[in-house]
> 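This is the structure, below, for whatever I ask next.
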Amino acid sequence: EPPAQALAALSRILLGAAGPLPRRGAPLRIAPDGALHHLPFEILTSSGEPLVERAPVSYLPSASALAGLKRDGREEGVRLLGFGDPLLRRPGEGATTPRGLLVERFGLTPLPAASRELAAVGRLLGGKAAVFTRDRATEAAFREAVGRGARVVHLSTHTVIDERPGRGAAILLTPTATDDGLLSPEEIARLDDRSDLTVLAACRTALGPGEDGQALASLTGSFLAAGSRGVVATLWDVNDVTTAAFMEQFYWDLGKGLTPAEALRATKRRLRADPRWNRPALWAGYVLIGNPPAVAERRTPWIWILGITALAVAVLLIGSRWFRSAGPA
């Protein structure tokens, strides 16, 4: 839990200097600098309430990046492209390869909840889904599938970020004889990514190497550079099981036709209201970078449909009685 005094001071310095915020419910886009890339602004308070209660919040590498993220609508094909729970090593591979050393150094373990997570979010989002797990979750399969296009690309895997000078970040996929299974920002930036939204359900995927958080050196910046309109990523280490639960809530809102910013806010507000989830550590670390559109058609709530139907029936009944009473004697 962040100290109340520190949170109040940050809110006063960062939000107070910004002047009047947009009207309640209007989207708020933030281009953070330096160490502020590590801060989820939604926990800051404005007029006595957390920012998450006031507005859908998304982040940008820079203010000028917003213009480049506005594009024409994309064709509907595969709605969800999912990769998760990769093999940590090829059969017979030891700890002497770069990947093997990373697996050993960070104590990486399999992610069995990832397969269940991908199946669940596919059902909630609706539409056609293509899912690659275990030995199928390779770099070659990822490059090919992303190039074909999908509304949402979901990666539920490990991410290793080494912040020492000269190091970098990588998403772990299944290694093969020709690929090391380490998907780096340089490799990502060369992709032809036609997705509206990329979801990185892994640990600390929003942070690039070094403390300055340079966007184009990070995984999120690389996906934006490759063509994705927006990226959902994490600011800190997240648990396999709790991430799966968070993502199910998020995709339930996405499937209703909310924009990613609206869906992320709705999920955070719902979890924040639940005593089991109301600690910021469990919900505030998931952030949206970019300005992606809705990835599913907005659904009309059933209660509205039933209400409108009931009203129409009532009008017909009243109208028929009026005509009978007004007719010839």
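All values derive from a computational prediction rather than experimental measurement.
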> Under the salt bridge (Lys or Arg N to Asp or Glu O under 4.0 Å) rule, what do Glu49 and Arg24 come out as? Steps first, then yes or no, please.
CA-CA 12 Å; Glu49 64 178 351; Arg24 190 179 186 87; 2.4 Å; yes
> Same hydrophobic cluster for Val231 and Leu258, using side-chain heavy-atom links shorter than 4.5 Å among ILVMFWY?
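No, no single cluster joins them.
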> From the options Arg269, Lys268, Arg272, select the one residue that forms a side-chain hydrogen bond (donor to acceptor under 3.5 Å, both in side chains) with Glu42.
Lys268
> Got a donor-acceptor contact below 3.5 angstrom from the Thr174 side chain to the Arg134 backbone?
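Judged by distance alone, yes, a pair lies under 3.5 Å.
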> With side chain to side chain contact (heavy atoms under 4.5 Å, CB included) as the criterion, how do Leu118 and Phe132 come out once you've worked through the C-alpha distance, each side chain's angles and the decisive distance to 0.1 Å?
CA-CA 9 Å; Leu118 288 170; Phe132 298 77; over 6 Å; no
> Do any N or O atoms from the side chain of Asp85 and from the backbone of Leu111 form a donor-acceptor pair under 3.5 angstrom?
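Checking the backbone N and O of Leu111 against the side chain of Asp85, a donor-acceptor pair under 3.5 Å is found.
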> Given Leu36 and Ile30, is the side chain to side chain contact (heavy atoms under 4.5 Å, CB included) satisfied, shown in steps?
CA-CA 10 Å; Leu36 294 181; Ile30 299 169; over 6 Å; no
> Go through Phe250 and Val232 one step at a time and tell me if the side chain to side chain contact (heavy atoms under 4.5 Å, CB included) criterion holds.
CA-CA 11 Å; Phe250 175 59; Val232 170; 4.0 Å; yes
> Can you find a pair of side-chain heavy atoms, one from Leu173 and one from Leu155, that are under 4.5 Å apart?
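Yes; the side chains approach each other to less than 4.5 Å.
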> Which class fits the ring pair Phe223 and Phe142: parallel under 30°, tilted 30 to 60°, perpendicular over 60°?
perpendicular
> Is it the case that the side chain of Arg265 and the backbone of Val52 share a donor-acceptor pair, with hydrogens and angles ignored and the cut-off at 3.5 Å?
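Flag set: sc Arg265 to bb Val52 pair under 3.5 Å.
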> Tell me whether Glu186 is salt-bridged to Arg190, with the criterion being a basic N under 4.0 Å from an acidic carboxylate O.
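Answer for the salt bridge query: no.
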> Determine whether the side chains of Asn291 and Arg29 contain a donor N or O and an acceptor N or O closer than 3.5 Å.
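The answer is yes; a qualifying pair exists.
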> Between the side chains of Tyr286 and Thr243, does any donor sit under 3.5 Å from an acceptor?
yes
> Are Ser195 and Val146 packed together at the side-chain level, in the sense that at least one heavy-atom pair is separated by less than 4.5 angstrom?
no
> Does Arg151 reach the main-chain N or O of Ala294 with its side chain, forming a donor-acceptor pair under 3.5 Å?
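Yes, the answer is positive, given that a donor and an acceptor are paired below the 3.5 Å cut-off.
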> I'd like to know if the side chain of Gln249 reaches the main chain of Phe246, judged simply by a donor and an acceptor atom lying under 3.5 Å from each other, with no hydrogens or angles considered.
no
> For the hydrophobic clusters of this structure (ILVMFWY residues joined by side-chain heavy atoms under 4.5 Å, transitively), does one cluster hold both Val131 and Val152?
no
> Inspect the contact between Arg143 and Asp179 and indicate whether a charged nitrogen and a carboxylate oxygen are less than 4.0 angstrom apart.
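Answer for the salt bridge query: yes.
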> Quick check, are the ring centers of His154 and Tyr251 under 6.0 angstrom apart?
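Distance test on ring centres: under 6.0 Å, yes.
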> Take Val287 and Leu235 through the test side chain to side chain contact (heavy atoms under 4.5 Å, CB included) and record every step on the way to the result.
CA-CA 7 Å; Val287 295; Leu235 294 176; 3.8 Å; yes
> Return yes if some donor-acceptor pair links the side-chain N/O of Arg79 with the main-chain N/O of Leu125 below 3.5 Å, else return no.
yes
